[in-house]
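Note on naming: letters A, B, ... go to the chains in the order of the sequence lines (proteins, then strands), and numbering restarts at 1 for each one. Values below: all heavy atoms of this structure, side chains included; hydrogens, waters and symmetry mates excluded.
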There are 2 protein chains.
Amino acid sequence: MSAPTVYDVAGQAGVSIATVSRVYRAPDSVRAGTRERVLEAARELGYVPSGNARGLASRNTRVLGLCFPDYADPDAEDPDGDYGDAELMLYSDEIIRGMERAARRHGYALLIAASLSEGPKSLVADVAGRVDGFAVLARTVPTEELEVISRRLPVVMLAGPREDAPLDHLDHVEVANFDGELALTRHLIADHGITRLAFVGSAEDSPDGEARFRGFQAAHLEAGLPVPERPDVRTRLTQAEGRQAVAELLDGGAELPGGVVFANDQMAVGALSELNRRGVRVPEDLAVAGFDGIPLGRLVTPALTTVRQPMRRLGEEAVDLLVSRLEDRDREPESRVLPVSVIRRSSCGCANGHDAVPDAASVTQS
Amino acid sequence: MSAPTVYDVAGQAGVSIATVSRVYRAPDSVRAGTRERVLEAARELGYVPSGNARGLASRNTRVLGLCFPDYADPDAEDPDGDYGDAELMLYSDEIIRGMERAARRHGYALLIAASLSEGPKSLVADVAGRVDGFAVLARTVPTEELEVISRRLPVVMLAGPREDAPLDHLDHVEVANFDGELALTRHLIADHGITRLAFVGSAEDSPDGEARFRGFQAAHLEAGLPVPERPDVRTRLTQAEGRQAVAELLDGGAELPGGVVFANDQMAVGALSELNRRGVRVPEDLAVAGFDGIPLGRLVTPALTTVRQPMRRLGEEAVDLLVSRLEDRDREPESRVLPVSVIRRSSCGCANGHDAVPDAASVTQS
DNA sequence: CGATGGATTGAAAGCGCATTCATCGTACGC
DNA sequence: GCGTACGATGAATGCGCTTTCAATCCATCG
């Protein structure tokens, strides 16, 4: 009745369970004839090795995990509404994809779990118990929990600043937010001669957003321009908010800047549509730039100048780090910063899309 | 050295391992004082229950799986290229998201595995051994393998026609491709008075594409128009191919149709850009419609009329089916067809976006 | 005051497979 | 021909946890 086990197969094939196991784990160590008999029996019985038993016996699961924050939207098939959290979703989707692929290459499967902030609890512990190692999107899991778990299991932190104090032994991957925004802003200032730029940022607790803003500041510093102390607007990273942010800027009465740099593409896209509605010409009246490099940015009019971050690679690097730590538990914690590239399209005043200027910013520090 | 186990915790807390286990499985059956002691010990030791051991002992993993085809693109961060397989990726992403959420609601984690067609082999067996049940995107896994595995484990087939013969005991979820395309085409014919329509379809072995084409045919039949025998063009479901498909249609010399129905949105979007380039006005000179309801469709100009299919719900339904079968292994196999809705936007000639006409097509047949 | 029964806790038996060690052949070498 | 060595296979043990089943404990009841 229940699923067939090694014992059943062994019986049917007239061998011991050790041999059955060997047929799957080390086929070459079993004589061809015997092997065939076992495989045939397995086929006949519909035998599928139990991952649990195997994992228990060999004390490793061959599964890697990923914990990411749940996207807000509770259920709603979202009729035709504003894809509010599309950005976030897209982001984790890409990481999932990157991890899945890299994991498979290394012979691992991928277990994913979105942790809803208010969740029952210890969802991490749940995945932690089932995998050989896992990645966590920054700010998804409470520090204390991670602290405990990471003592027993490789964990890599994704996107977000490198952790300090209790978690500084974790491997870590992020993209060059600072360098990217610096390069982008430098381009706007140096190549387009825009000296008054506004910055629309995210909440202060978004490490990515803050790093980007610092890059924005640095470009001003470098150019000898007055350094803005804080983003002109802080808001959520959605299209709707981007739309509203420009509205605020324009209605604010203050002098119109020469360009607006948004902390991400979603906002920038929203802003473009609002600007279009108001008859503000981009880039003539106002240059616009985003950050992320989402596909949509190429399709809007004018095409969006932005900084592309390799989200999928983020996932791949995470897997690399996990695998390498699985091989050597004691190596020094490593922090990787992935390079980003400025994509010059029309929204900043560049002719017509399509010249990506790779901006070397790959750093490996220990 | 190695990770702490129940024994360690039990020792530290001065209780038996049975009690430790109970603290996690049935907290109420342990006196509060004892429970605290155990929890404290666990915390101190950094104890995380082994999913494998637990699964083995309780013979269930509390994990659900999903097998989907790998998206072509091997590595390439795809500089700024044509997101060729974006459609497919988007598709599986949505399903993953839907399943993840539903699974979590039911207390399951989700294991995902993209099977590369040429892969080493039996990737399914691999996931099958680790989960309590799983979903398979149509045409991802060889029939024989599924046949064997599905004898031992709940499997639901996603998107694609219902399987026959050896696999007809599987649960199955798909969307109303036929009904959706029928409704859409009916709209073009009846409401916009377009009598000559072209259809750009996919390869013949795409069950979805074929079903859509049959819906397209049915609308002609219903309207008393000549029924096209085959799609005017068959090609891959990408933007680039869509672009080329219209080019073919226009350059073909034949009389220009009043409208073109594409088997999916990606192609339609590509076509729109090509038409725009050629100065063909949409919808005045040529109406255009897609299928899928991808977000991008709302953003192109003119906004794309299409049929929205609830991809995320596909994943949710799959989980429902799996869970319910886990509860009752013997219930009749069920086939669910999810309703789709025609989204009328500008590309077909409808005023301006935003009226979704839900098209009842939900059917549950056994 | 002893009996009775529910609440707790412990002892022990697996769950299905990997793996070490011992055993059994058999091809070779002398 | 017989000892030797290596390849193939079997027996047995344990991975870490769940789950009866039985043993205790203690409060309540007669």
Side-chain angles (χ1 to χ4, degrees), chain A residues 1-39 41-42 45-63 107 125-126 128-132 152-153, chain B residues 1-39 41-42 45-63 107 125-126 128-132 152-153:
Chain A
M1 186 57 247
S2 166
T5 73
V6 267
Y7 294 97
D8 303 315
V9 178
Q12 172 98 7
V15 300
S16 76
I17 63 163
T19 298
V20 176
S21 175
R22 278 193 274 263
V23 165
Y24 287 91
R25 291 321 131 215
D28 293 334
S29 74
V30 175
R31 199 182 311 166
T34 317
R35 196 191 317 146
E36 271 322 309
R37 237 176 332 128
V38 170
L39 252 16
L45 265 38
Y47 169 70
V48 177
S50 151
N52 280 330
R54 175 164 5 162
L56 182 55
S58 61
R59 59 216 102 234
N60 68 251
T61 66
R62 304 257 63 183
V63 176
D126 224 70
R130 308 175 186 290
V131 302
D132 289 341
R152 295 286 159 216
L153 202 65
Chain B
M1 185 59 247
S2 165
T5 72
V6 267
Y7 294 96
D8 303 316
V9 177
Q12 172 99 8
V15 300
S16 75
I17 62 165
T19 299
V20 175
S21 176
R22 280 194 272 265
V23 165
Y24 286 90
R25 292 321 131 216
D28 293 334
S29 73
V30 175
R31 199 181 309 163
T34 317
R35 195 190 317 148
E36 271 322 308
R37 241 178 326 132
V38 170
L39 253 16
L45 265 36
Y47 169 71
V48 177
S50 151
N52 280 331
R54 172 161 10 158
L56 183 55
S58 60
R59 59 217 103 232
N60 69 251
T61 67
R62 304 257 64 182
V63 176
D126 223 70
R130 307 176 186 293
V131 303
D132 289 342
R152 294 288 158 215
L153 202 65

- Would you kindly give the CG-to-P distance between A:Asn60 and C:dA18, to the nearest whole Å? 10 Å
- Identify whether any heavy atom of B:Thr5 sits under 4.0 Å from a base atom; if not, whether one sits that close to sugar-phosphate; answer base, sugar-phosphate or nothing. sugar-phosphate
- Just call it for A:Ser21: base, sugar-phosphate, or nothing, with non-hydrogen atoms closer than 4.0 Å on any strand. base
- In whole angstrom, what separates A:Asn52's CG from C:dA18's C1'? 14 Å
- Check for a donor-acceptor pair, side chain of B:Arg152 on one end and backbone N or O of A:Val48 on the other, with a separation under 3.5 Å. no
- Task: Could you tell me the separation between the CG atom of B:Leu45 and the P atom of D:dG16, rounded to a whole number of Å?
- Result: 13 Å
- Message: Base, sugar-phosphate or nothing for B:Tyr7? Non-hydrogen atoms, less than 4.0 Å.
- Response: base
- Message: Please pick, from D:dC17, D:dT18, D:dG10, the nucleotide with the shortest atom-to-atom distance to any side-chain atom of B:Arg25.
- Response: D:dT18
- Do any N or O atoms from the side chain of A:Thr34 and from the backbone of A:Val30 form a donor-acceptor pair under 3.5 angstrom? no
- Item | Backbone of A:Asn60 reached by a side-chain donor or acceptor of A:Arg62 within 3.5 Å | no
- Map A:Arg31 and B:Pro4 onto DNA chain D by nearest heavy atom, then report which one ends up closer to the 5' terminus. A:Arg31
- Please check the phosphate of C:dC17 (OP1 and OP2 only) for any side-chain N or O of A:Tyr47 closer than 4.0 Å. yes
- Message: Side chain of A:Val30 only, heavy atoms from C-beta on: which candidate in C:dA18, D:dG16, D:dT9 is closest?
- Response: D:dT9
- Message: Strictly below 4.0 Å: does A:Arg54 bring a side-chain N or O up to OP1 or OP2 of C:dA18?
- Response: yes
- Message: Considering every strand and a 4.0 Å limit on heavy-atom distances, what is the contact class for A:Val20: base, sugar-phosphate, or nothing?
- Response: nothing
- Between CG of A:Asp28 and P of D:dT9 the distance, given in whole Å, is 12 Å
- Task: Please determine if a side-chain N or O atom of A:Ser50 lies less than 4.0 Å away from the OP1 or OP2 oxygen of C:dG16.
- Result: no
- Message: Can you tell me how far apart CD (B:Gln12) and CG (B:Leu45) are? Round to the nearest 0.5 Å.
- Response: 5.0 Å
- Query: If you check every side-chain atom of A:Ser58, which of C:dA18, C:dC15, C:dA12 has the closest atom?
  - Reply: C:dA18
- Item | Under-4.0 Å side-chain N/O to phosphate OP1/OP2 contact, B:Arg59 with C:dC15 | no
- Query: OP1 or OP2 of D:dG7 sitting under 4.0 Å from any side-chain N/O of A:Ser29?
  - Reply: no
- Item | Candidates D:dG10, C:dG16, D:dC17 - which lies nearest the side chain of A:Thr19 | D:dG10
- Task: Starting from the C-alpha separation in whole Å, work towards a yes-or-no answer on ring-ring contact (aromatic ring centres under 6.0 Å, His included) for B:Tyr47 and B:Tyr24.
- Result: CA-CA 12 Å; B:Tyr47 169 71; B:Tyr24 286 90; 5.6 Å; yes
- If you look at every strand shown and take non-hydrogen atoms under 4.0 Å, does B:Arg22 touch a base, only sugar-phosphate, or nothing? base
- Atom CZ of A:Arg37 and atom P of D:dT9: how far apart are they, to the nearest Å? 8 Å
- Does A:Pro49 reach the side chain of B:Arg130, with side-chain heavy atoms less than 4.5 Å apart? no
- Task: Take the protein atom CD1 of B:Ile17 and the nucleotide atom P of D:dC15, then report the distance between them rounded to whole Å.
- Result: 11 Å
- Message: Using the side-chain heavy atoms of A:Ala18, tell me which of these nucleotides is nearest: C:dC17, C:dT19, D:dC17.
- Response: C:dT19
